[in-house]
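I have placed the structure first, in the form of structure tokens, so that the comments after it can refer back to it.
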Amino acid sequence: MNIIIHTPQQLIDWFKSSNYKELSFDTETTSLKYNELDIVGCSFSDGTNHCYVNLFKNPERPKIISVLKYFFTRKAQLVIMHNAAFDLKVLYKIGITHPCENIFCTQTAAHLLKEEDHTGLKYLAEVLLNADTTSYEAASKFGFNSDAFYKYATNDAIWTYKLYQRFQPQIMQQNLSNLFYNIEMPFQFCLRDLEINGILVDLEENKCLGSRVDEMLYNLTLEMCNYAKIPYVSGTDVFGTQLIHPSINFNSVRQMVPVIERLGMEITERTEPSEQYPEGQKSLGASTLKRLANDPFIKLFIQYKKLIKLRDGFIHPLPTFVDEDGRLRSHFNNNIAVTGRLTSSEPNLQQTPRKNDDLHLDFRKVYIAPEGKSLIAADFGGQELRLLGDLSQDRNMIDAFVNNKDLHLMTANFIFNLNIPNEVLCENHPDYKSVKEKYWDKRHTAKNGVNFPIVYGATAKSISLSLGVVQKVAQGYIDGFMKLYPNVRTSMNKCKQFLLRNGYVYNRTGRRRRFTKYDERAFRQAYNFLIQSTAADMTKACMVMFRREASKHPEWEAKIVLTVHDEIVIEVLDQFVEPAKKCLEYCMVNGYKISVPLVVEVSVGKNYSECK
């Protein structure tokens, strides 16, 4: 039975008549952006009784919100939502900051049960419930006080409840209860906080970065034009900024290929064949540029491409995402990556450029702490390799982590026959630093060409391209790694056999990855999933623990403002930096324990760069 509620008493009566211990809930707002949105109504369902609470231009709105606050903080026992982080954000904005934390997010459940499928409510309602759906745009054009909008909004709560009835037993049947209830559901509140808090941006610093990049692009363009004898026109704009206009477009592959060939270089690489180009087109992709990287013109061109990407992908768009209070509030997506890793959009903070020493540009300086506060950043040291040790239970790898050995130097020592004594591989040995410096290049190759690529499922071909060696040599590196850490290959084979028997693999939290093809690529992806997904779940568990511990100290004013892969960044009052730092480090080490010791690096700064 659908009821439209306009008064606080009607809402009280509806709660009394419903099974309020287990209700689905959905909000309707004017915008998806936190700083812009206003709630126009919300809907509830207990599976039998349904209602829509109209808050749009309602004179009783403050009193109705008081009833909602009483329900969410005093009476609610289980609240079911689709995209819980968003609805929790809406509740926060209307003053319901500490609602019932026993929640069930049907969107997250859908992702855990079928990780590569869409998780939108309307899509799931159509596919799983055979429902006839309509869009927000179609319903809202009749007005927020129309019967069409009331029906649209109420249906959202009804479908959410039905999805809960469908998903809840499946979560239990697939042994996902621990992951779902103990990590993912409390993590919805971390997501809420991330999107509400945002991070403060220094727009002046971003402007300075832009000016430096523009100047560097001008000089690079001038050098390339002079080197390749390309005509150009130069001048200044009304603000005195130097401008240069070459006769060709350096961003056009079609125009650049003849220039490069005219300079005596051969381009053999081609794009994938298409109907228009059956043999493909000549390519200026990464492999081409890497092969030609020693040429003076190509060196300039590579720098030019980097700067264009940084300018157009980061510097120029950044101010458009900053709210009036100076903070940037990205949208974090928890139900897209099959590994469970967070992605973010508008903008993608996961791709914030690192400090570029070659170009003398420090992009992370634009993220700052407010006056009187500092940023604290914590991330795991060698998290994925430690997870590999935990997964494989390889004795040599575990020994390295337990005895604080340099795993990269250890691998280099074996595959390059460096004859470094075993005890010198320990980072506390008096000769360790000098040996590390002596064999820096070999260690670098072992780190970035062997250890990490193997974790990511790299092949001899990809390693050969990365290191610039022949495949036979790259295969030798892989074989050496497997000889040094034999249980890694054993665990890879176990993963492969499990996948062939069951059609899926699962990590130590229970998160699953399902496959329909069973080839070498799938076997690599499956094993990589076991590491990457556990890393994602571990980071979430640590954030959940920190949020809980920090809530015991409101005087810190600690806020989680950013997470990038395995890193957590918080903002805290200056006078409480030390206790907050210790708390964050404790939570990172203890939030999710594995069989090998975890190392956490914690740093403090007034901007994000100082924390690196």
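Computation of the quantities below employed the complete heavy-atom set of this structure, encompassing side-chain atoms and omitting hydrogens, waters and symmetry-equivalent molecules.
The closest side-chain donor-acceptor pair between Thr411 and Asn451 falls under 3.5 angstrom. Side-chain contact, Tyr527 with Ser491: a donor N or O sits under 3.5 Å from an acceptor N or O. Using a 3.5 Å distance cut-off with no hydrogens or angles, the side chains of Gln475 and Asp479 do pair a donor with an acceptor. Defined by atom type and a distance below 3.5 Å, a donor-acceptor pair is missing between the side-chain atoms of Thr534 and Tyr592. No side-chain donor from either of Ser345 and His331 sits under 3.5 Å from a side-chain acceptor of the other. There is no side-chain donor-acceptor pair under 3.5 Å between Asn197 and Asp193. A donor and an acceptor atom, one from each side chain of Asp26 and Thr160, are nowhere located under 3.5 Å apart. With no hydrogens or angles considered, a side-chain donor-acceptor pair links Gln532 and Glu384 at under 3.5 Å.
Counting non-hydrogen atoms of neighbouring residues, nucleotides and ligands closer than 6.0 angstrom, the NZ atom of Lys122 exceeds 12 such neighbours. With a 6.0 Å radius and a threshold of 12 heavy atoms from other residues, nucleotides or ligands, Lys559 has its NZ atom above the threshold. The neighbour count for Asp519 CG, taken as heavy atoms of other residues, nucleotides or ligands under 6.0 Å away, is above 12. Within a 6.0 Å radius of OH in Tyr506, other residues, nucleotides and ligands contribute 12 heavy atoms or fewer. Heavy-atom contacts from other residues, nucleotides or ligands closer than 6.0 Å to NZ of Lys93 number more than 12. Within a 6.0 Å sphere centred on OH of Tyr181, other residues, nucleotides and ligands contribute more than 12 heavy atoms.
Put simply, CE on Met538 and CD1 on Ile594 are 4.5 Å apart, with the number rounded to the nearest 0.5 Å. In this structure, the separation between NZ on Lys494 and CD on Gln497 is 11.5 Å, given to the nearest 0.5 Å. Rounded to the nearest 0.5 angstrom, Ser533 OG and Arg341 CZ are separated by 9.0 Å.
Residues Leu176 and Leu113 are in side-chain contact: their nearest non-hydrogen atoms beyond the backbone lie under 4.5 Å apart. Proximity of Phe576 to His553: side-chain heavy atoms (C-beta onward) are nowhere separated by under 4.5 Å. The side-chain heavy atoms of Asn334 and Gln188, taken from C-beta on, include a pair separated by under 4.5 Å. Side-chain contact between Gln393 and Asp390: present, with at least one pair of heavy atoms (C-beta onward) separated by less than 4.5 Å. Looking at heavy atoms from C-beta onward, Met543 lies out of side-chain contact with Phe546 at the 4.5 angstrom threshold. Looking only at side-chain heavy atoms (C-beta outward), Phe86 and Met81 stay at 4.5 Å or farther from each other. Using a 4.5 Å cut-off on side-chain heavy atoms (C-beta onward), Tyr52 and Asn2 make no contact. Within the 4.5 Å cutoff, side-chain heavy atoms of Val53 are placed close to those of Cys51.
A cation-pi arrangement is absent between Lys483 and Phe414 under the rule of less than 6.0 angstrom and at most 45 degrees off the ring axis. Under a cutoff of 6.0 Å and an axis angle of 45°, Arg512 and Tyr504 form a cation-pi pair. At least one cation-pi condition fails for Arg364 and Tyr367: the charged atom is not both under 6.0 angstrom from the six-membered ring centre and inside a 45 degree cone around its axis.
Across every non-hydrogen atom of Trp14 and Ser45, the tightest pair is CH2-N, 4.3 Å. Nearest heavy-atom pair across Ala377 and Cys611 is CB-CB, 3.6 Å. Phe380 and Met588 make their closest contact through CE2-O, 3.2 Å (heavy atoms, listed as atom of the first residue, atom of the second, distance). Nearest heavy atom pair, residue Leu499 against residue Phe523, reads CD2-CD2, 3.8 Å. The two atoms that bring Ala460 and Ile478 nearest to each other are N-CD1, 3.6 Å, heavy atoms only.
With ring centers used as reference points, Phe25 lies 6.0 Å or more from Phe71. Phe44 and Phe15 have their aromatic ring centers within a separation under 6.0 angstrom.
Remark: the backbone N or O of Ala139 is not paired with any side-chain donor or acceptor of Thr134 at under 3.5 angstrom. Side-chain atoms of Arg513 do not come within 3.5 Å of backbone N or O of Glu115 as any donor-acceptor pair. Within the 3.5 Å criterion, the main-chain N or O of Ala157 finds a donor-acceptor partner in the side chain of Ser24. Proximity of a side-chain donor or acceptor of Asp379 to a complementary backbone N or O of Asp566 within less than 3.5 Å is not detected.
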| request: With side chain to side chain contact (heavy atoms under 4.5 Å, CB included) as the test, would you mind laying out the steps for Val604 and Ile376 before giving the verdict? | output: CA-CA 5 Å; Val604 181; Ile376 304 175; 4.2 Å; yes

| task | Decide side chain to side chain contact (heavy atoms under 4.5 Å, CB included) for Met397 and Leu407; before the verdict, give the C-alpha distance in whole Å, the side-chain angles of both, and the deciding distance to 0.1 Å. | result | CA-CA 8 Å; Met397 198 169 279; Leu407 193 78; 4.2 Å; yes

| message | If you apply the rule side chain to side chain contact (heavy atoms under 4.5 Å, CB included), what do you find for Glu520 with Arg524, and how did you get there? | response | CA-CA 6 Å; Glu520 287 302 319; Arg524 291 194 303 271; 3.9 Å; yes

| side chain to side chain contact (heavy atoms under 4.5 Å, CB included) assessment of Gln471 paired with Lys461 | CA-CA 6 Å; Gln471 281 194 45; Lys461 182 179 179 180; 3.8 Å; yes

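Between His408 and Phe452, the angle of the ring planes lies from 30° to 60°, which puts this pair in the tilted group.
Comment: Glu184 engages Arg511 in a salt bridge, judged by a side-chain N to carboxylate O separation of less than 4.0 angstrom. Checked for salt-bridge contact, Arg327 and Glu571 meet the test: a charged N lies under 4.0 Å from a carboxylate O.
Put simply, the residue from Ile199, Thr563, Leu349 that forms a side chain to side chain contact (heavy atoms under 4.5 Å, CB included) with Leu194 is Thr563.
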